[in-house]
Amino acid sequence: MPIPPAIEFKNVTKTYGENTVVDDLSLSVPAGKITVFVGPSGCGKTTSLRMINRMVEHTRGEILVDGQPNTGRPAHELRRSIGYVLQQAGLMPHRTIVDNIATVPVLKGVSTKEARAQALELLERVGLDRSFAKRYPAQLSGGQAQRVGVARALASGSSILLMDEPFSAVDPVVRSDLQNELLRLQRELGVTIIFVTHDIDEAITLGDQLAVFARGGRIAQFGTPEEILRQPADDFVASFVGRDRGMRRLTFASASDVTIHPLQALETPWQNWQLKVEDGKPAGWLVDGRLIPGGSLYREGASLRDALDSVLSSPSGWGVAVDNEGKLLGLLKSDDVLDATETERQRRYGVGA
Amino acid sequence: MNWLSSNLDYVAQLAALHVLQALIPLVAGTLIALPLARLAVGRRRDGRSTELSTTAGKVRRATVINSAALLYTIPSLALFVLMPLILGTSITSLLNVYVALSLYVLAMMVRSSVDAFESVSPITLEAATAMGYTPVRRFWMVELPLAIPVMVAGLRVALVSNISMVSVGAVIGIQSLGTLFTDGLRRNIPAEIIVGIVGTVLLALVLDRVLAALGAWNTRWRKA
């Protein structure tokens with residue numbers, strides 16, 4: 001018995017005068033998963049998202065939310081039942097953080113006291129200290145504001161979360177943190193998330209399912225990230241997933257087969273390069289008495305893409321493997337990594353080896 | 001100084017009348033200006049759309065703002081004299097001042113309230129709608145509180161302008177601190193004139209500070 005979809009678009013069309021923004025969209029969004037709408041700007045992905053909670057009213061067709069047509073009740077009631085995270089957090093500048101998070105429960109008639117108590121829990125849940133509660137939005141950084149935005153959406157108690165390019169305005173480091181937090185929250189809470197982005201890397205990182213939108217509001221391909229990278233449906237999808245497709249695909253391959261060479265076991269085949277280790281952690285390479293910062297680290301259990309990058313970015317040509325605490329495990333040899341990609345390729349197409 | 005100490009009660013009474021004549025129109029005019037201004041602003045665009053407001057919207061906005069501005073060009077003395085004819089009140093009735101100054105406040109506050117409403121970020125309004133605010137609740141809980149900073153700036157100008165215009169009423173015999181100028185001039189008592197001027201300025205300064213402080217207290221979130 002398949003789980004009924006959380007949201008279903010049935011032949012949905014949106015036109016503005018002569019302009020068709022979304023054209024005959026039919027799509028089932030699976031419950032309890034992250035579905036990413038990805039595509040170039042102006043392709044109707046945001047419009048499609050906003051039609052779900054009727055921030056935009058569709059012209060034709062039907063949108064089912066938990067099996068019910070979304071036009072079956074007043075728009076404000078529907079919106080209170082669906083979490084929504086906006087691009088620029090969109091917090092109420094005149095309310096404290098705790099009251100911002102408590103917005104929807106208060107609108108629903110929960111007492112302020114109760115709503116605030118719940119808001120404090122959510123604040124911690126999204127990784128912010130309770131001391132933030134009494135501050136105002138202007139006192140937060142972009143990343144912190146967006147965490148509050150997520151907490152506010154979760155406070156609706158909804159099993160559905162709509163996210164409209166929520167991380168596009170923060171710097172790459174914070175962005176990556178937020179993405180990981182979102183994945184953790186989604187695993188913990190099992191909510192259905194629809195996430196809009198124009199960034200294919202973000203889509204691959206987050207999505208269980210991707211819907212690739214083409215211009216004119218048409219879905220060019222719907223499938224798992226791996227399917228889309230492996231077999232783009234057409235030239236548009238192929239060009240959109242980009243020329244780093246080969247590298248991106250390695251994201252889905254495990255590097256667990258790649259041998260990690262213990263530091264001591266090797267007879268310095270990297271010639272005069274010497275790995276500097278501080279407190280068991282790698283701290284760059286020494287060569288001719290100079291210290292050169294190390295490349296990216298391969299964390300045990302990460303993907304083949306990370307393994308390859310650690311090799312390519314290492315000054316010595318040897319990738320550095322660490323455990324989850326960042327302690328040195330050993331070194332990766334570029335030949336081993338390339339062999340692993342070869343094995344992966346053969347396994348993928350079921351030939352050779 | 002002697003003049004002041006021997007007429008302290010009289011001056012205090014005039015000052016009280018002066019405050020009354022400045023504040024009542026301020027409140028009344030603002031209360032009328034707010035709905036007009038909100039009407040002129042019309043439906044706010046949402047955060048993502050880039051299309052400009054409709055032609056009908058622009059016409060409505062321009063009509064409201066320009067008629068308000070026109071109102072302001074009527075000379076205050078003329079208005080004070082005209083009021084009894086229109087309202088059927090006696091020439092020295094306080095009601096004349098209330099109505100006339102309310103019109104000036106209206107003229108000023110329509111403009112600054114339009115600016116105030118337009119200063120509220122469309123993204124915030126959109127977020128409020130997306131959270132499930134009904135339009136009415138969104139106005140009272142989000143839009144109006146966020147419009148306060150710009151509105152207070154307008155209120156301060158209107159208040160100070162009111163305090164100065166209340167004095168004009170003295171010319172036609174309506175009691176205020178302005179009475180000290182006309183009376184002092186007629187009876188040639190320079191001290192009385194000086195007390196009138198200093199009193200008016202002090203009143204304007206003090207009330208302006210109070211209003212600014214009230215505004216700041218209401219918008220603590222901005223100092224963050």
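To find a chain, count down the sequence lines: A is the first, B the second, and so on, and within it residues start at 1. Just so you know, these numbers come straight off a predicted model, no measurement behind them.
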Task: Working for side-chain contact (heavy atoms from CB on, under 4.5 Å), residues B:Arg137 and A:Leu107 - done: CA-CA 10 Å; B:Arg137 201 158 173 182; A:Leu107 283 174; 3.6 Å; yes
Open item on the list: Pair B:Glu126, A:Met55 - check side-chain contact (heavy atoms from CB on, under 4.5 Å), show working.
Closed with: CA-CA 9 Å; B:Glu126 187 197 40; A:Met55 291 300 285; 3.5 Å; yes
Task: side-chain contact (heavy atoms from CB on, under 4.5 Å) partners of B:Phe181, counting only residues at least two apart - done: B:Ser167, B:Ile197, B:Thr200
Task: Leading residue by heavy atom contact count with chain B [cutoff under 4.5 Å; candidates A:Gln88, A:Arg152, A:Lys108] - done: A:Arg152
Task: Any donor-acceptor N/O pair, A:Arg79 side chain to B:Met131 backbone, under 3.5 Å - done: no
TODO: Could you grab the distance from atom OG1 of B:Thr134 to atom CD of A:Glu77, nearest 0.5 Å is fine?
DONE: 10.5 Å
Task: For A:Thr15, side-chain contact (heavy atoms from CB on, under 4.5 Å) partners two or more places apart - done: A:Thr13, A:Thr20, A:Thr59
TODO: Would you name the heavy atoms of A:Pro93 and B:Leu146 that are closest together and state the gap between them?
DONE: CG-CD2, 3.6 Å
Open item on the list: Would B:Trp221 and A:Thr96 count as a side-chain contact (heavy atoms from CB on, under 4.5 Å) here? Give the steps.
Closed with: CA-CA 8 Å; B:Trp221 48 274; A:Thr96 57; over 6 Å; no
TODO: Apply side-chain contact (heavy atoms from CB on, under 4.5 Å) to the pair B:Met141 and A:His94, showing each step before the final yes or no.
DONE: CA-CA 10 Å; B:Met141 306 299 287; A:His94 60 308; 5.7 Å; no
Open item on the list: For A:Leu86 versus B:Ala127, what's the shortest heavy-atom pair and its separation?
Closed with: CD1-CB, 3.9 Å
Open item on the list: Distance check, rounded to the nearest 0.5 Å: A:Leu91 atom CG versus B:Ile123 atom CD1?
Closed with: 11.5 Å
Open item on the list: Take a 6.0 Å sphere around CG of B:Asp9 and say whether it holds more than 12 heavy atoms from other residues, nucleotides or ligands.
Closed with: no
